[in-house]
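The first residue in the sequence is number 1, and the count goes up from there.
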Amino acid sequence: MSRRLLYISVLLLLALPLLAQPRLRQPEMYVGLHGGVMASTIQFSPTVPNMTPITKAVILNGNGGFVFRYSGHKCCGLQVELNHMQRGWREQTEPAPYTRALDYIELPFLAHIYFGSQTWRGFVNLGPQIGYCVLDSKAKEVANSGTLSHQYAAIDNRFDWGVTGGLGVYCRTKKAGLYQLEARFGYSLGTIFASRTADYFNNANAMTLSLNLAWMWEIKPNKQRTTKEKL
């Protein structure tokens with residue numbers, strides 16, 4: 001629990017300087033789509049055999065969703081997403097590897113910090129995320145065994161929460177929208193299996209690394225309405 005509180009405290013401290021930024025005369029609003037490839041694994045405690053090195057414990061899947069971004073202050077804004085993604089892990093078992101994929105609907109709330117020119121900008125996204133597992137399709141017993149291993153059982157907690165952060169760059173055009181490339185890391189503070197004292201696992205946290213492309217369009221205010229409001 002102390003580790004989780006530490007993550008949340010760091011996020012709050014990073015967000016405080018954003019409140020002091022000067023406001024933009026005309027806020028920027030964008031909506032769009034993004035998608036890409038994602039590597040995922042689960043960090044088990046106690047550890048699960050056949051999951052080392054970590055390069056052999058990850059699964060690769062696609063991810064994607066909708067993006068809304070609002071920038072009302074200079075150099076910073078807010079980004080909200082609605083995503084679909086698959087998390088899971090791989091075990092190097094015999095005669096064939098065992099893979100487990102869990103489908104999630106995810107909702108990140110991100111501080112968007114940007115820098116650069118009007119055309120090219122670098123940025124940092126950072127904030128909390130919540131999610132819900134909508135499909136767990138591969139809960140099963142160990143092959144050729146009469147016992148049920150802990151990590152093969154159906155997950156106990158479908159609701160998930162955690163932190164995520166990304167680095168990227170985007171190009172703004174006048175007529176063709178905004179094109180963006182971002183690399184992002186996410187860490188779940190929730191655990192997919194029960195972690196009470198009597199349970200086997202202390203933690204079972206998901207870790208993800210993704211590379212996404214986005215195409216976004218600017219929502220411009222009605223010029224006539226803006227002029228009337230000024231009068």
Under 4.5 Å between side-chain heavy atoms, counting indirect links through other Ile/Leu/Val/Met/Phe/Trp/Tyr residues: same cluster for L211 and M85 or not?
no
Can you tell me how far OG of S210 sits from CD of E182, rounded to the nearest 0.5 angstrom?
7.0 Å
CZ/F123 to CD1/I113 distance, rounded to the nearest 0.5 angstrom?
11.5 Å
Verify, without hydrogens or angle tests, whether Y114 (side chain) and C75 (backbone) share a donor-acceptor contact under 3.5 angstrom.
yes
Would you call the rings of F44 and F201 parallel, tilted or perpendicular, where under 30° means parallel and over 60° means perpendicular?
tilted
Straight-line distance of N202 CG to Y200 OH, nearest 0.5 Å
9.5 Å
Value rounded to 0.5 Å, distance of NZ in K56 from OG1 in T41:
14.0 Å
With a 4.5 Å heavy-atom cut-off, do L82 and I105 have their side chains touching?
yes
So R184 and L209, do their side chains get closer than 4.5 Å, heavy atoms only?
no
Report the C-alpha separation of Y98 and Q151 in whole Å, then their side-chain angles, then the decisive distance to 0.1 Å, and conclude whether the side chain to side chain donor-acceptor pair (under 3.5 Å) test is met.
CA-CA 11 Å; Y98 171 83; Q151 72 271 23; over 6 Å; no
Please walk me through it: do S188 and D160 pass side chain to side chain donor-acceptor pair (under 3.5 Å)?
CA-CA 7 Å; S188 294; D160 181 73; 3.0 Å; yes
If you look at every heavy atom in A214 and H34, which pair is closest and at what distance?
CB-CB, 3.5 Å
Compute the ring centroids of H150 and F193, then answer whether they are less than 6.0 Å apart.
no
What is the minimum heavy-atom distance between S40 and G88, and which atoms define it?
OG-N, 3.1 Å
Residues Q92 and P97: closest non-hydrogen pair is OE1-CG, 4.0 Å
Single-linkage hydrophobic cluster, 4.5 Å side-chain cutoff, L33 and F68 together
no
Test item: S45 side-chain N/O and N203 main-chain N/O as donor-acceptor pair under 3.5 Å
no
Please tell me if the side chains of H112 and Y70 come closer than 4.5 Å, counting only heavy atoms from C-beta onward.
no
What I'd like to find out is whether the side chain of V80 reaches to under 4.5 Å of the side chain of L107, using heavy atoms alone.
yes
Tell me whether R69 forms a cation-pi arrangement with Y170, defined as NZ or CZ under 6.0 Å from the six-membered ring centre and within 45 degrees of its axis.
yes
Between G165 and L126, what is the shortest heavy-atom contact and its length?
CA-CD1, 4.1 Å
For the backbone of N205 and the side chain of T191, can you confirm whether one donor and one acceptor N or O come within less than 3.5 Å of each other?
no
Do L213 and Q180 have side-chain heavy atoms sitting under 4.5 Å apart?
no
Derivation and outcome, side chain to side chain donor-acceptor pair (under 3.5 Å), residues N63 and Q86
CA-CA 7 Å; N63 72 103; Q86 280 191 333; over 6 Å; no
If two hydrophobic side chains count as joined below 4.5 Å and joins carry through other members, does M207 share a cluster with F159?
yes
Worked verdict on Q43 versus Y187 for side chain to side chain donor-acceptor pair (under 3.5 Å):
CA-CA 10 Å; Q43 184 181 41; Y187 185 78; 2.9 Å; yes
Are M38 and N212 close enough that some pair of their side-chain heavy atoms sits under 4.5 Å apart?
no
Indicate yes or no: at least one non-hydrogen side-chain atom of I155 is less than 4.5 angstrom from one of L102.
yes
Can you see which heavy atom on N83 is nearest to which on P108, and at what distance?
ND2-CG, 3.7 Å
Hey, is R158 close enough to D136 for a salt bridge, meaning N to O under 4.0 Å?
no
May I ask you to decide if F185's main-chain N or O and T164's side chain share a donor-acceptor pair within less than 3.5 Å?
yes
Pair up each side-chain donor or acceptor in residues 171-178 with any protein partner under 3.5 Å, not counting sequence neighbours, and list the distances.
from : atom 1 : to   : atom 2 : distance (Å)
R172 : NE     : Q118 : O      : 2.8
R172 : NH1    : E28  : OE1    : 3.3
R172 : NH1    : E28  : OE2    : 3.2
R172 : NH1    : Y30  : OH     : 3.2
R172 : NH2    : Q118 : O      : 3.3
R172 : NH2    : Q118 : OE1    : 2.5
T173 : OG1    : A176 : N      : 3.0
T173 : OG1    : G177 : N      : 3.0
T173 : OG1    : G177 : O      : 2.6

Could you tell me how the ring of W215 sits relative to the ring of W217: parallel (under 30°), tilted (30 to 60°) or perpendicular (over 60°)?
tilted
So, are R87 and D103 salt-bridged, with charged N and O less than 4.0 Å apart?
no
Taking all non-hydrogen atoms of both residues, which atom of A194 and which atom of D156 are closest, and how far apart?
N-OD2, 2.8 Å
Do M29 and L110 belong together in a cluster built from hydrophobic side chains that touch within less than 4.5 Å?
no
Report yes if the side chains of Q129 and Y104 come closer than 4.5 Å at any heavy-atom pair, otherwise no.
no
Hey, quick one: are V48 and I59 part of the same hydrophobic cluster, counting side-chain heavy atoms closer than 4.5 Å, chains of contacts allowed?
no
